[in-house]
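Inspection log for the structure reproduced underneath, given as structure tokens.
Since we're looking at a predicted model, the values are computed, not measured. We count residues from 1, following the sequence as given.
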Amino acid sequence: MPEIEIDPTTRIEGHHSTTLNVENGEVTEAKSHMDMFRGMELVVLNRPPSDAPVFTQRVCGVCFSVHRQTSLLAIENAARNAGVFDGIPETARKMRNLLERMATLWNHAVHMFALVGPDYSDAVADTGLTRIDPMEGEGYTAALEAQRKLLQGFAEFGGKAPHPLTYAPGGMSSNPTIEKLQQIRDQVEFVSDWLGPTDAVPEVIENVRNDEFDASLGEGLHDIVSILLAAKEAGADDFGVGPGRYYCNGIYPDENGEDQVPSGVYVDGELSHPSDEEIQAAITESTAHSWYTDDSGGPPMEESPPKPEPEKEGAYSWGKAPRYDGMNMETGSLARLIVSDRDPFDLRANLGGDPTKSSTLNRLIARAQESLLLRDQILDVLDDIDPNGTVNNGWSDDFSGEGVGLWEASRGALSHWVKVEDGTITNYQIITPTLWNLGPRDESGTPSIFETAVEGMAVDDVENPINVMRTVRSFDPCLACAVHVESPEESYTEEITPASPGSAIGAASDTPIAGEEVDDP
């Protein structure tokens, strides 16, 4: 029975590996390894609440805005629970919603063309899709330009990208001037032209099937559809199949506080929409197979700050195992669309065979569908922002309370949990989508979603288990969101050092970090 070690498994950064046991050409066991210690929660301890968003956004240079947003929601929720905060202004809400949509659309473009697309390119898999060949394909390079335009537009409101400066406790710290709104529109319209009209999807599918290309219907759309049909041809509708349980948090609140993408849970074919409080009560983290002490797991608000136990018997990951009512749950674009009961153009029904099937193909289709939905929403939201509106209601760190921020990264459900005593953070927890999808087993031995999805998969070539690789990348894992490195020379409670230049964030002290905006609001 050969054992296959795949390290690294992602193209974005190298902190994840996978061990496969293969017998008679089939995966009998998979283990998902997060290979570096995570210490972000320790960095924000003993700091004022308003520091948390500035630091935690440095968890990742890809999910750069969403951690700041979710951290803000957590501390604002704590202040609201303490009775000292009434919410952010309408203009700030709309600005945050716009920026979060733009950041997710950018993430999807990166995913489809840089992280997953190469698996179906001619250069990697002899598919004939030369347009998406890494670095050289015309479609690949066009997508890079679209990504650049999105970040330029994002920076008009965000100040810069990655790591925006303007998401602030109490709202925003920049005004949405007419000039900025026009600059964003110009960049988004460039991206929109590249992507192509939403209603052209059926025609573009026929074009790709007939080996035709009509740039007026969107170069990006033709390339994305080509990836989807190549995945279908590779059998991705039948491999990488998870248990079909989904969870997502609500996002993009409207003026009444109702989420435009609802929170929800889908289990055994049944869809429910629990309240935020019910979601919070259902979430736990297991450290049974993680290099952490037992009290580093449990209900997030009751966990201790993470305490490493690197010699722990049976452990194989620095990631924890989040569970919802004790169940492993898939999260991401597919979960959001299932919970929203949406299958635009019936793509998952027709190409994937079942719109709720947890397959490698459906995960790709869902990101393509959501990209079009987001583009259309961004253009609408731009028209609804008042350039003269109030952007901040003020903020004070002087309170005691507990709060939870529930949001969605492009990769899925994200939550930040905070305890504040007399204006100082005493506990902080972050549960990322990559932990939900690629964490280790729990105390009952139940595998994570990814481990479940690849166990039972056929492996025709142990030297190149390409469908396993396609499956792990279909979850869009981002391990910077799950792990960080501790200094070999200092106790983990004293210093957290970057894994590489420009990653993580530095010492857990009051000393400003080199390059940090010390006057960041």
Side-chain angles (χ1 to χ4, degrees), residues 11 105-147 149-150 190-240 333-334 337 343-353 355 359-375 410 466-467 469-476:
R11 292 188 171 95
L105 180 57
W106 173 79
N107 263 275
H108 286 346
V110 174
H111 174 79
M112 295 298 294
F113 286 89
L115 306 182
V116 163
D119 286 335
Y120 303 95
S121 69
D122 187 66
V124 172
D126 296 323
T127 59
L129 298 182
T130 57
R131 283 186 56 84
I132 59 172
D133 282 349
M135 307 307 295
E136 297 179 355
E138 292 182 17
Y140 184 96
T141 55
L144 288 178
E145 179 65 11
Q147 294 161 35
K149 292 288 187 179
L150 278 169
F190 176 93
V191 175
S192 183
D193 290 342
W194 163 77
L195 188 55
T198 299
D199 59 10
V201 168
E203 186 174 352
V204 171
I205 290 175
E206 288 305 307
N207 281 353
V208 174
R209 283 174 169 162
N210 294 326
D211 200 24
E212 297 174 357
F213 191 93
D214 183 352
S216 69
L217 297 180
E219 291 184 44
L221 190 54
H222 280 76
D223 292 327
I224 290 170
V225 168
S226 295
I227 293 170
L228 299 183
L229 293 184
K232 171 72 173 180
E233 179 67 22
D237 51 332
D238 286 325
F239 63 69
S333 294
L334 181 57
L337 290 178
D343 183 16
F345 301 101
D346 295 324
L347 289 184
R348 301 197 311 277
N350 293 331
L351 291 179
S359 68
T360 297
L361 177 59
N362 269 356
R363 294 182 199 107
L364 301 181
I365 294 173
R367 282 190 173 83
Q369 291 174 314
E370 196 173 48
S371 295
L372 294 169
L373 292 171
L374 286 167
R375 184 274 310 276
S410 64
I466 187 169
N467 288 339
M469 301 301 295
R470 286 166 167 166
T471 295
V472 66
R473 290 169 184 151
S474 74
F475 290 104
D476 200 16

Approximate separation, where rounding is to 0.5 Å, of Thr141 OG1 and Ile132 CD1: 12.5 Å

Euclidean distance, Met135 CE relative to Asp133 CG, rounded to 0.5 Å: 12.0 Å

Out of curiosity, Glu136 CD to Ser121 OG, how far, rounded to the nearest 0.5 Å? 10.5 Å

Is it true that atom CG of Asn210 has more than 12 heavy atoms of other residues, nucleotides or ligands lying nearer than 6.0 Å? yes

Could you go through Tyr120 and Leu364, starting from their C-alpha distance and side-chain angles, then the distance that decides it, and tell me whether this counts as side chain to side chain contact (heavy atoms under 4.5 Å, CB included)? CA-CA 12 Å; Tyr120 303 95; Leu364 301 181; 3.8 Å; yes

Minimum heavy-atom separation for Trp194 and Ala146, please, with both atom names. CE3-CB, 3.6 Å

Taking side chain as C-beta onward, heavy atoms only, is Arg363 less than 4.5 Å from Thr471? yes

As a quick check of understanding, evaluate side chain to side chain contact (heavy atoms under 4.5 Å, CB included) for Leu337 and Leu373, giving each step before the final call. CA-CA 10 Å; Leu337 290 178; Leu373 292 171; 3.8 Å; yes

Is the side chain of Gln147 donor-acceptor paired with the backbone N or O of Ala143 at a distance under 3.5 Å, no angle test? yes

For residues Glu219 and Phe213, determine if any side-chain heavy atom of one lies less than 4.5 Å from a side-chain heavy atom of the other. yes

Between Pro344 and Gln369, which heavy-atom pair has the shortest distance, and what is it? O-NE2, 2.9 Å

Mind listing the closest non-hydrogen atom pair of Pro355 and Arg348 along with its distance? O-NE, 2.8 Å

Derivation of the side chain to side chain contact (heavy atoms under 4.5 Å, CB included) call for Val116 and His111: CA-CA 6 Å; Val116 163; His111 174 79; 3.1 Å; yes

Any side-chain heavy-atom pair from Arg11 and Asp119 closer than 4.5 angstrom? yes

Considering all heavy atoms of both residues, which atom of Phe113 and which atom of Pro118 are nearest to each other, and what is their separation? O-CD, 3.3 Å

Evaluate whether atom CD of Glu233 has more than 12 neighbouring non-hydrogen atoms of other residues, nucleotides or ligands under 6.0 angstrom away. no

Look only at the side chain of His222 and the backbone of Asp214, and say whether a donor-acceptor pair between them is shorter than 3.5 Å. yes

Can you tell me if Glu138 has over 12 outside heavy atoms packed within less than 6.0 Å of its CD? no

Once you round to the nearest 0.5 Å, how far does OG of Ser474 lie from CG of Leu115? 12.0 Å

Would you confirm whether Arg367, through its side chain, and His108, through its main-chain N or O, come within 3.5 Å as a donor-acceptor pair? no

For Ala368 and Leu228, which heavy atoms make the closest approach, and how far apart are they? CB-CD1, 4.0 Å

Looking at Asp223, is its backbone amide N or carbonyl O close enough to the side chain of Arg131 to form a donor-acceptor pair, meaning the two atoms are under 3.5 Å apart? no

To the nearest 0.5 Å, atom CZ of Arg473 lies from atom CD1 of Ile466 at 8.5 Å

Please check: side-chain N/O of Lys149 versus main-chain N/O of Val191, any donor-acceptor pairing under 3.5 Å? no

Side-chain heavy atoms of Thr198 within contact of Phe345, under 4.5 Å: yes

Can you name the closest pair of heavy atoms from Asn362 and Gly352 and give their distance? OD1-CA, 3.5 Å

Please check if the side chain of Asp237 supplies one atom and the backbone of Leu361 the other of a donor-acceptor pair under 3.5 Å. no

Roughly how far apart are Leu334 CG and Glu370 CD, rounded to 0.5 Å? 10.0 Å

Report yes or no: does Thr360 contribute a side-chain atom to a donor-acceptor pair with the main-chain N or O of Ala236 at less than 3.5 Å? no

Would you indicate whether the side-chain heavy atoms of Leu347 and Val201 approach each other to under 4.5 Å? yes

Contact between Ile224 and Leu195 at the side-chain level, heavy atoms closer than 4.5 Å - yes or no? yes

Step-by-step side chain to side chain contact (heavy atoms under 4.5 Å, CB included) determination, Ser410 to Asp476: CA-CA 9 Å; Ser410 64; Asp476 200 16; 4.0 Å; yes

